[in-house]
Amino acid sequence: MTEESASLNFIEQLIADDLAAGFDPNKLRFRFPPEPNGYLHIGHAASICLNFGLGEKHNAPVNLRFDDTNPSKEEQEYVDAIKYDVQWLGFQWAKECYSSDYFQQMYDWAIQLIKEGKAYVDQQSAEAMAEQKGTPTAPGVASPYRDRSVEENLDLFERMKAGEFEQGSYVLRAKIDMASPNMLMRDPLLYRIVRKAHHRTGTEWCIYPMYDWAHGESDYIEQVSHSLCTLEFKMHRELYDWFLDQIYDPALLRPKQREFARRNLSYTVMSKRKLLELVTSKTVMGWDDPRMPTISGLRRRGYTPESIRKFSELSGISKRDSVTDVSLLEYCIREDLNKSATRVMAVLDPVKLVITNYPEGKTEILQTENNPEDPNSGTHDLPFSGELYIEREDFKEEAGSKFFRLTLGNEVRLKSAYIIKGESVVKDADGNILEIHCTADLDSRSGSGTEASTRKVKGTLHWVSIQHAIKAEVREYDRLFLDEAPDSHEDKNFMEFVNPDSLKVIKEAYLEPFLKNTTIEDKFQFQRLGYFTLDKDSTSDKLVFNKTVGLRDSWAKQQPAPTPQNASSKPGNQGGGQAQGQRSALNEIQKIAKKYTNLSGDKLTAARADIAKLAEDVTYEELAPLFNTAAKKVGTRIGVMIALGVLLKKGQERNAEIEAFLAAGLEDGNEELVNEAKKL
RNA sequence: UGGUCUAUGGUGUAACUGGCAACACGUCUGAUUUUGGUUCAGAAGAGUCUAGGUUCGAGCCCUAGUAGACCAACCA
């Protein structure tokens, strides 16, 4: 029942305004218009969620329209993949449309434009036309063919269509304004000749409409009310409207184009061209490589449709370009999987653990919860024996009190099993640990109901029984790029930032046997490690798991040890741009001073005294930069003035900087500031 | 150097026709926990790009700057 007191983004606001102005809600219609020349990525998901979300909200139809006007780039394979992805995300389109379905209509309209003297056939080279276009600062010059007769234009255009000319030899241009400040209005192309079979129309056409001509007219044909696209099309809106003006019937709905910012994700790239480059250069295994920000890549990695929709919702829609931190995406998938993923145990980096007091050869079947977050999820069998694998990093011969895993002489619980105590280690000649020997409290079995079974111990470890374990390959992924925004550097190519260690393959991991018959749809939490899902490379005799995302790990954060990759947070730039515990006296002064102008009476006197006291610990070098504090920030300047007074008293020599700051203070409109300045 | 757009904690978004800058992620504490997960309680972090102006009052309105993005494909 959360009524929409929630704030609207600017697109929703626009629609609300249109509705308020009398727009018929039954005429609301949207569309998602991909070009089938690549796979959809998380940025497209934003557009999909926006358009289909608007459709759901207003109970309006949303078309899936393939913008297929360039047969040299587009393929059926992409059409199929896009349809699959949109459906997988959970959306159903009203109609499946293609710009190519409207080729005849657009051709007819082009004839109309020619007849009205608003379009002409040009036969210059692309270079010549580019030159005539001028520059953003200089107007263009007219083509020598601009004033051909209507008859001649009609004749040439029909012959273009009939296939009489070579690819690239003739084009149809709109006759608009060669001096427009908007370069797109300088007689833009409507049609070019392309000698290539189209994935739908075959060789029926050899002239193809350009984007600007096709897009708006397709919106109009479909009677799309709000045509939403990304910011780089803002300039195209003028053309979009001009084209519509030429053919618009006032009895019909006139589409409206609006633009929003495309969504970028940190540590990756988001253009089809760049993603394609990653694929063709074999930097990744394909469009659906789990490291790719494509929908198919995320799906293979183990992301759910819900998590991607949630991410779109949380990211919002706006008009400024931005880079959303991947941590938000990771939050979304963890939140979803925490509720639904089955808990299992797997050891990725094993070390052998022998329980010396467990009867030799004995095994037993224990029970373990499928999901503690879901009381109805039930339990599954878990075989136990006296020889186990545990994670190598879960044992240290000796460690500080903050380490609450296994050490010699310390107790920990084996998840869903017994409490054990480290006794001794067996090492090879080089000092590598081969085996850890421990004893178990045989009364402490989980769920047995004994007093010992409910004892509290600090740590709990995951494990697998060696004789029961199954083997699998596990693939762990790190960010594909080492730079937060790899394609934002003018002087460097984004490929230079590729992370060489983005894929880590563990050839032989050990899993509990429950995992033997899993499908690609299943989602698991390998306890204490993260969320995992089966990869499509799996075969009946070789399982391959992908790590979707790790669990949050507050232990890893405390480790001073260098965690070269997988460190989930970027170094240093968090927490207010200043390291914790480094708060200096100067910071304290700034903090107090900020609110200084709001104080009066005793509080003011106290604040002044505090600042003066703190100033004892401030050096001139620290203070000087604050002389440039904006005039508006009066409180801060007063604080700086007070601190300066203390320094001068301590023997700081007056210099030009100080004098300038004093002079500015004396001239200020704020009384307090003037008073403080006068004292000096 | 022309045109267009944008500017709010580290990040992403809010703040209705001017009225105490809010939410989420992230960060940090503490509690709970048979996952160093989850959950719960709390904290820090912003003078809203700068300088002026209008106003009792400006993140919001005006002016001038600054910074970033986009625009000269027979791509979309």
Side-chain angles (χ1 to χ4, degrees), chain A residues 6-9 13 33-35 37 67 69-70 72-73 125-126 129-131 133-138 140 167-171 180-184 186 189 191-194 208 210-212 214-215 229 231-236 238 259 261 263 266 272-273 314-325 327-332 334 338-339 343 345 369 372-373 402 404-405 413-417 419 446-447 453-462 525 527-530 551-558 569-570 573-578 580 583 594-595 630-633 635-636:
Chain A
S7 59
L8 305 176
N9 64 49
Q13 188 62 53
E35 181 190 12
N37 69 340
D67 222 335
T69 57
N70 185 358
S72 55
K73 281 179 158 183
S125 67
M129 283 189 277
E131 201 163 315
K133 244 185 181 173
T135 68
T137 49
Q167 174 159 327
S169 55
Y170 286 84
V171 294
S180 170
N182 183 348
M183 302 285 291
L184 294 161
R186 324 245 259 225
L189 268 60
Y191 280 93
R192 78 287 212 190
I193 298 169
V194 182
Y208 291 90
M210 300 289 290
Y211 166 84
D212 289 293
H215 202 93
C229 59
L231 239 36
E232 68 268 27
F233 291 102
K234 177 68 216 277
M235 291 299 177
H236 295 245
E238 193 180 354
E259 311 81 13
R263 176 110 271 127
S266 62
K272 276 192 261 190
R273 203 210 88 222
L314 293 181
S315 298
I317 296 289
S318 72
K319 289 171 83 163
R320 55 179 145 167
D321 21 41
S322 55
V323 183
T324 303
D325 201 297
S327 66
L328 186 64
L329 220 209
E330 292 178 344
Y331 161 80
C332 291
R334 285 194 191 106
N338 177 50
K339 289 181 295 194
R343 269 53 171 184
M345 290 196 279
E369 286 179 291
E373 301 299 311
K402 279 191 178 168
F404 29 101
R405 304 181 187 183
R413 173 167 296 276
L414 293 174
K415 175 72 183 174
S416 298
I419 292 173
S446 294
S453 73
T454 57
R455 279 169 53 208
K456 306 282 181 206
V457 287
K458 240 191 327 189
T460 302
L461 305 188
H462 61 274
Q525 184 195 96
Q527 291 194 90
R528 304 210 302 133
L529 297 175
L551 258 26
R552 285 185 62 205
D553 190 350
S554 50
W555 168 243
K557 283 179 204 162
Q558 287 176 32
S569 65
K570 46 194 161 162
N573 59 351
Q574 261 130 5
Q578 121 181 226
Q580 209 72 16
R583 180 162 297 131
K594 216 154 124 181
K595 309 234 163 92
K632 201 160 140 190
K633 302 177 187 173
T636 304

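We name chains A, B, ... by the order of the sequence lines, and we start the count at 1 in each one. Side chains are part of it too, since the values below use all heavy atoms of this structure and drop only hydrogens, waters and symmetry mates. Everything numeric in this text was worked out from a predicted model, so none of it was measured.
Residue-level contact check: A:Val323 touches the backbone only, with heavy atoms under 4.0 Å from sugar-phosphate atoms and none from bases. Residue-level contact check: A:Lys319 touches the backbone only, with heavy atoms under 4.0 Å from sugar-phosphate atoms and none from bases. Within 4.0 Å (heavy atoms only), A:Ser446 reaches at least one base atom of the nucleic acid. Across all strands shown, A:Leu529 has no heavy atoms under 4.0 Å from either base or sugar-phosphate atoms.
Partners of A:Thr324 according to the side-chain hydrogen bond (donor to acceptor under 3.5 Å, both in side chains) rule, which considers only residues two or more places apart in sequence or in another chain, are A:Arg263. Partners of A:Arg552 by salt bridge (Lys or Arg N to Asp or Glu O under 4.0 Å), not counting sequence neighbours: none found. Applying the side-chain contact (heavy atoms from CB on, under 4.5 Å) test to A:Pro136 and every residue at least two apart in sequence or in another chain returns A:Met183. Considering only residues two or more places apart in sequence or on other chains, A:Ser72 meets the side-chain hydrogen bond (donor to acceptor under 3.5 Å, both in side chains) condition with A:Asn70. Among residues two or more places apart in sequence or in another chain, the side-chain contact (heavy atoms from CB on, under 4.5 Å) test is passed with A:Leu231 by A:Glu259, A:Ala261. Taking the side-chain contact (heavy atoms from CB on, under 4.5 Å) definition, one finds that A:Lys402 meets it with A:Trp555, A:Gln558, sequence neighbours left out. Annotation: side-chain contact (heavy atoms from CB on, under 4.5 Å) contacts of A:Val194 (sequence neighbours excluded): A:Pro71, A:Gln167, A:Arg192, A:Lys196, A:Tyr208. For A:Tyr170, there are no side-chain hydrogen bond (donor to acceptor under 3.5 Å, both in side chains) partners, not counting sequence neighbours. With sequence neighbours excluded, the residues that form a side-chain hydrogen bond (donor to acceptor under 3.5 Å, both in side chains) with A:Glu35 are A:Asn37.
Between B:A69, B:G12, B:U35, one nucleotide has an atom nearer to the side chain of A:Arg263 than all others, and that is B:G12. Checking B:C25, B:A14, B:G36 against the side-chain heavy atoms of A:Arg528 singles out B:G36 as nearest.
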Just the atom pairs and distances: protein N or O near nucleotides 38-40 of chain B's N or O, under 3.5 Å.
unit_1, atom_1, unit_2, atom_2, d
B:U38, OP1, A:Arg552, NH1, 3.4
B:U38, O2', A:Asn338, ND2, 3.3
B:U38, O2', A:Glu373, OE1, 3.0
B:U38, O2', A:Glu373, OE2, 3.4

Generate the contact string for nucleotides 71-76 of chain B. Rules: B means base contact, S means sugar-phosphate contact only, - means no protein heavy atom under 4.0 Å. SB-BBB
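Every stem involving RNA chain B, taken as at least 3 paired positions in a row under the Watson-Crick or G-U wobble test at 3.5 Å, is listed here: B:2-7 with B:66-71, B:10-13 with B:22-25, B:27-31 with B:39-43, B:49-53 with B:61-65.
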